[in-house]
Protein chains: 2
Amino acid sequence: MTTISEVAKAAGVSVSTVSHVLNKTRYVSPEKAKLVMEAVDEIGYIPNAVARSLKLSSTGTVGLVISAISNPYFSDIICAIEAECSKRGLIVFLCDTQDDPDRELELIRHLHQRRVDGIILAASGAPKKSLDYLFECDVPCVLVDRLSDDRFDQVGTDNTAAIRMLVDHLVTLHHQRVGIILGQPGFSTTVERTEAFRAAMAEKGIEVPHAFISNGNRSTADATASTHRLLELTEPPTAILASNNLAMIGAMRAIRERGLRVPADISVLGIDDFEWADYFEPRLTLMAQPCDEIGRKAADLLIARIGSKHRPRETVRLSPVLRVRESCGEAA
Amino acid sequence: MTTISEVAKAAGVSVSTVSHVLNKTRYVSPEKAKLVMEAVDEIGYIPNAVARSLKLSSTGTVGLVISAISNPYFSDIICAIEAECSKRGLIVFLCDTQDDPDRELELIRHLHQRRVDGIILAASGAPKKSLDYLFECDVPCVLVDRLSDDRFDQVGTDNTAAIRMLVDHLVTLHHQRVGIILGQPGFSTTVERTEAFRAAMAEKGIEVPHAFISNGNRSTADATASTHRLLELTEPPTAILASNNLAMIGAMRAIRERGLRVPADISVLGIDDFEWADYFEPRLTLMAQPCDEIGRKAADLLIARIGSKHRPRETVRLSPVLRVRESCGEAA
DNA sequence: CAAAAAAACGATTGCGCAAACGTTTCGATG
DNA sequence: CATCGAAACGTTTGCGCAATCGTTTTTTTG
């Protein structure tokens, strides 16, 4: 691997001149600049960004710490963040915590050792040691999706609006008995969606039986079991609201296992749109979270935070979009 | 940010002792080791991996250069690679080339500047400048999915086997007129699947009209248009084989637009399984590519390559799995 | 035409670390 | 009790670079 001093020697100039030519950090006469560029080409010099980072104490890297990168919702967010960071000349370290807080802390420590300029985090559940760590170490950080700590900038979907629009849609179609399949307990998204559901239903003057609210679904299997439980009730719901894509897959599975038709026998709708939704039956009525916007805004905020550590914190709630299809019909 | 020499001062030992304690690279008496560890805790020392990398000329990083990270197929591969690298103590830089060869070259140069230990690449189409670059610069590299250059280690699906199994399945169901919606022209996957399709059909003694082979579908929109063209034929195919997930989405869209039922009016099957496939109609018969295995093997090969630059190159073809569902019925 | 200012470039340091090399101490050995 | 060897630790260098500080040459100005 060649170094800057080899370039200097080949070009017959000093290392500082080479450096200044390559970084355009001070005037160098065209003749010398040409010599330098020729020497670079000739010996095939590739600047060493590691040495550069050490000297500049800035790496141009961002840690992206996601709780489950295989989840298509997060895939979309990762994609948007990568695109935005790339546009800004930053490069992304991708890490999957697998929803394990200990692993999350370990990964964040590792990223910190690598001196990432900042971190974008979809935090796991409690305990929130990693957030304490980030705060204490003063690492620029933006929280995405799960917004639970206003010591940091945060970007996510407006869950209250999302649920409210879904409930509106349900009530318009005369549904009164609505079951909801929620996600992992403890996540702020779960908490917010639960609260929003209760509130929105209450506003419509509808009382929700305790049994209609299914919390603690960590996997599609959990969601399947929960949905079965809902449908076994003597007075089962006429509609099921799946609060995320895992819940939806699980719910659809249960519905399929029971041989029910959607929306004839049961209405279904939920949160998290996906690309196939338009071409398969049942065509699911879904709230699309604004993944692109979330990703872009998260990158924006992080870059701003890296730029000035003492700017005021921001929490940004972006509006989801209801895609009305046919899985939610009129109540019987 | 604290440094190793501050730790040394706080512990009353030399920097080398601190270094050796932290890296366990030589014997240090328990007393001094304890002093060091206490000093580390007290002043909150975080080793600087950038400086370490510079000194060791090895970064413990891997570049993951993917042509479209939002594609669920690649998402799965990314997930598997991240998991395997993480297990081996490597961390992954994620880059999206958006199938642009120039961008690909630029990203690879950038990664090389950052002195990644190796690169895993899902290459874009021609021109293959980035491969030449990687080869000339002697960067450890593994190609995934698109295998077209045996200067490198390569891992992918056995496309010939995949197509053969699909054709077998079609022929078992008495289909003779089979249209195929292929992906981007120039990709080795496209070429291989085209060849395999011709060969497998020929083996069955079935002649494939030129119009049944639709090449050059760069997007779902292309695939939709191509499928429409296939279905407008005076003697249209009785089955459509979508050679990847984008082609499938496009095909399904066209079929839906024409109001056709699957499999009653037209049979459909393809490559690339997805999580929802079991719970929606039509339940698609699909070849699942072994994404987990591909990712794991790619990381394996890369680590081996990093370990010894002169080991023989390997090309690994992993077996896909046919998931028979109901979208492909008996031919009329 | 001397003095000052500006233009162009070079020598050197230090970023934080690993480890090669060097030093001290102390017990074993003849 | 000199000598040797090993155990335990310290001093120092150099990884490749950016940029500070310094030097030389050229131009401007009174």
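Any value given below was found using the heavy atoms of this structure, including those in side chains, with hydrogens, waters and symmetry copies removed. Only a predicted model underlies this, so the values are computations on that prediction, with no experimental measurement involved. In the text below, chain A, chain B and the rest are named by the order of the sequence lines, each starting its count at 1.
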Practice item. Mind calculating the distance between NZ (Lys9(A)) and P (dA11(C)) to the nearest angstrom? Key: 13 Å
**Study point:** Carboxylate-amine/guanidinium contact Asp300(B) Arg88(B), below 4.0 Å
**Key:** yes
Point to revise | First encountered from the 5' end of DNA chain D, between Leu22(A) and Val18(B) | key: Val18(B)
Review point. Is any side-chain N of the basic residue among Arg146(A) and Asp99(A) closer than 4.0 Å to the acidic one's carboxylate O?
Key: yes
Point to revise | Annotated protein contacts, base or backbone, on nucleotides 15-27 of chain C with a non-hydrogen cut-off under 4.0 Å, one of B, S, - each | key: BBBBB-B------
Point to revise | dG10(C) phosphate, OP1 or OP2, under 4.0 Å from Thr17(A) side-chain N/O | key: yes
Point to revise | Atom-pair distance (CD on Glu6(A); C1' on dC17(D)), nearest Å | key: 13 Å
Exercise for review: In plain terms, say whether Glu84(B) and Lys87(B) are close enough for a salt bridge, that is, a side-chain N and a carboxylate O under 4.0 Å apart.
Suggested key: yes
Practice item. Could you label the plane-to-plane angle of the Phe135(B) and Phe152(B) rings as parallel, tilted or perpendicular, counting under 30° as parallel and over 60° as perpendicular? Key: perpendicular
Review point. Rounded to whole angstroms, how far apart are NZ on Lys34(B) and P on dA8(D)?
Key: 18 Å
Check your understanding: Is the side chain of Thr59(B) donor-acceptor paired with the backbone N or O of Arg115(B) at a distance under 3.5 Å, no angle test?
Key -> yes
Study note, to complete from the structure: Here the salt bridge (Lys or Arg N to Asp or Glu O under 4.0 Å) pairs for residues 128-137 of chain B, sequence neighbours left out, are Asp132(B)-Arg151(B)
Review point. Given atom OH of Tyr27(A) and atom P of dG10(C), what is their separation to the nearest angstrom?
Key: 14 Å
